[in-house]
Number of protein chains: 2
Amino acid sequence: MAEAAGNGRAGTKGAQLRSYLLGLIEGELKPHEKLPTERDLAETFGVTRLTVRRALDQLGYEGRVYRTQGAGTFVSEPRIAKSVELTSFTQDMRARGLVPGSLDTVVEEIPAGAEIGARLALSPRDLVAHISRVRTADGEPMCIENTYVPSKLAPGLAARGITGSLYQMLTETYHLKIEKAEQSIHATVLDPPLAKLLGVPEFSPAFKVLRVAYDARNQRIEYAESVYRADRYSYDFVIFRTSRDNTN
Amino acid sequence: MAEAAGNGRAGTKGAQLRSYLLGLIEGELKPHEKLPTERDLAETFGVTRLTVRRALDQLGYEGRVYRTQGAGTFVSEPRIAKSVELTSFTQDMRARGLVPGSLDTVVEEIPAGAEIGARLALSPRDLVAHISRVRTADGEPMCIENTYVPSKLAPGLAARGITGSLYQMLTETYHLKIEKAEQSIHATVLDPPLAKLLGVPEFSPAFKVLRVAYDARNQRIEYAESVYRADRYSYDFVIFRTSRDNTN
DNA sequence: TCGAAAAATTGGGCTACACCATTTGACGGC
DNA sequence: GCCGTCAAATGGTGTAGCCCAATTTTTCGA
């Protein structure tokens, strides 16, 4: 592995450290084995403890390690899945070792209308690119996706069409980097037409996911409504008790 | 100890700062208004910028503020719900201004068996307290909850019975503080008996949530299987792009 | 007058150090 | 041999200050 992401040295020291630690976690160490101490890591990498802590804290938040005061930092048991990270369908499938694809892709430019406009903080008259497609993994339908992107942020997107990853195109062509998203997950059942599209029995359970994605400047880039087959999907994540409120 | 018990001042400086900032966010400031700068906060509170940053970063992670380099830190639009935080049903309902309750509570002590044992990392023969109840909000059924706690961690729990919040009892009686949980959310439909318990039509959509909860020492405290009415529940959260991988 | 360049502001990352809180393990008394 | 005590190890919180990167504001010239 050692993805290293192009760029020889990888960005910050914290990021380098993170890569190294991920290597340890996925390579040498087994679950519940102890990582080097913060002070050791700081010394061997020539950075401060604070920098080490930031990297370890992040991994802790992602559920890859757990930390106990006085004892040490330990590798977590392997995660089943990970929905805490922001990924596109394409990334998600590739991470699972599946080949992502699309069926019935339709791209059009339409006025946002009331609902989509509200989601993207646009006037109902503003134009958006609407991408509708059935997403597949290894050729099998997995979800139905309707994505909306403000035309003024990505002019000509509708004309250009979508080949693979929308996120990739947004990044490379329009320099729009999505950094954050608000997601709302609902449970539903598939009505006959949707069930047929996904190739499952009518009234099968499904997830309906609404997502508003933002860039670093809190600008709304994308609104997406997706319907996922529940037999192939689950959401798995780690949550923490945040503050020290005694309000039980 | 003793120090922060009554907590007139709340424990750490970071926590005090957090409280103050939450006050600002929920009180004086409106969405998209600018918070004081890190340097200002540091000075007025007599703490370092690092301490301020930690508090602000945490709020950012929780989606209550957003930060833009060079510009400032701003209040986010109000959250619809929050599932990023670890709460008990009781806490969750109270936070929404509803009165939590229980129906048909059954508490028994049984051997863990294969599945529950695996979830709690116990031998199938080890005893667990099994609590089964229909949770209500303002008297209306909201979810069906089956909770399992290792008997050796909470001896006598089955005999003692449950009155209100299990989490509260675990904390106060057994000094078991849950700090982290792994949650897995599935979509399903309600079979007739469950539908009847929840007072909704048969085959209504629902969430099935599996949760393993840990304390600070990564000890498994609780395993819970819950079924929530989908018409009353959704999961809403904020996700971030974690690292700087260009692997689109 | 307006736009581009320069300066100030503000968050992001890091160094170096200090002390506290909890856990672990070794030592020693019984 | 067992168990309590105490010191060492380890993560948690905090101070003080530095430079960098992105954004916003100001300045100044065409």
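In what follows, chains carry the letters A, B, and so on, assigned in the order in which the sequence lines appear, proteins first and then strands, with residues in each chain numbered from 1. As the structure is a prediction and not an experimental result, all values here were calculated from the model.
The NE2 atom of B:His175 sits 15 Å away from the P atom of C:dT22 (whole-angstrom rounding). Atom C1' of nucleotide D:dT13 and atom CD of B:Gln58 are separated by 15 Å, given to the nearest angstrom. Straight-line distance from the CZ atom of B:Phe45 to the P atom of D:dT13: 18 Å, rounded to whole Å. Spacing between atom NZ of B:Lys177 and atom C1' of C:dA21 amounts to 13 Å, rounded to whole angstrom units. What separates OH of B:Tyr66 from C1' of C:dG11 is a distance of 14 Å, to the nearest Å. Per the geometry, CZ belonging to A:Phe240 stands 16 Å off C1' belonging to D:dG12, to the nearest Å. In this structure, A:Arg67 atom CZ and C:dT22 atom P are separated by 16 Å, rounded to whole Å. Between the CZ atom of A:Arg53 and the P atom of C:dG12 there is a distance of 19 Å, given to the nearest Å.
Contacts of B:Tyr148 classified as ring-ring contact (aromatic ring centres under 6.0 Å, His included), with partners at least two apart in sequence or in another chain: B:His130. In this view, A:Phe74 and A:Tyr66 satisfy the ring-ring contact (aromatic ring centres under 6.0 Å, His included) rule, not counting sequence neighbours. Applying the side-chain contact (heavy atoms from CB on, under 4.5 Å) test to B:Ala181 and every residue at least two apart in sequence or in another chain returns A:Ile239, B:Leu86, B:Arg211, B:Ala213. Judged as a ring-ring contact (aromatic ring centres under 6.0 Å, His included), and not counting sequence neighbours, A:Tyr214 has no contacts. Residues meeting the ring-ring contact (aromatic ring centres under 6.0 Å, His included) test with A:Phe45, sequence neighbours left out: A:Tyr20.
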Nucleic acid footprint by protein, nucleotides 14-26 of chain D - heavy-atom cut-off 4.0 Å, B for base, S for sugar-phosphate alone:
SBB----BBBS--
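For C:dT10, neither phosphate oxygen OP1 nor OP2 lies less than 4.0 angstrom from any side-chain nitrogen or oxygen of B:Thr73.
Nearest nucleotide to the side chain of A:Glu38, out of C:dG11, C:dT10, D:dG12: D:dG12.
Checked by atom type and distance alone, the side chain of A:Tyr235 never pairs as donor or acceptor with a backbone atom of A:Ile185 at under 3.5 Å.
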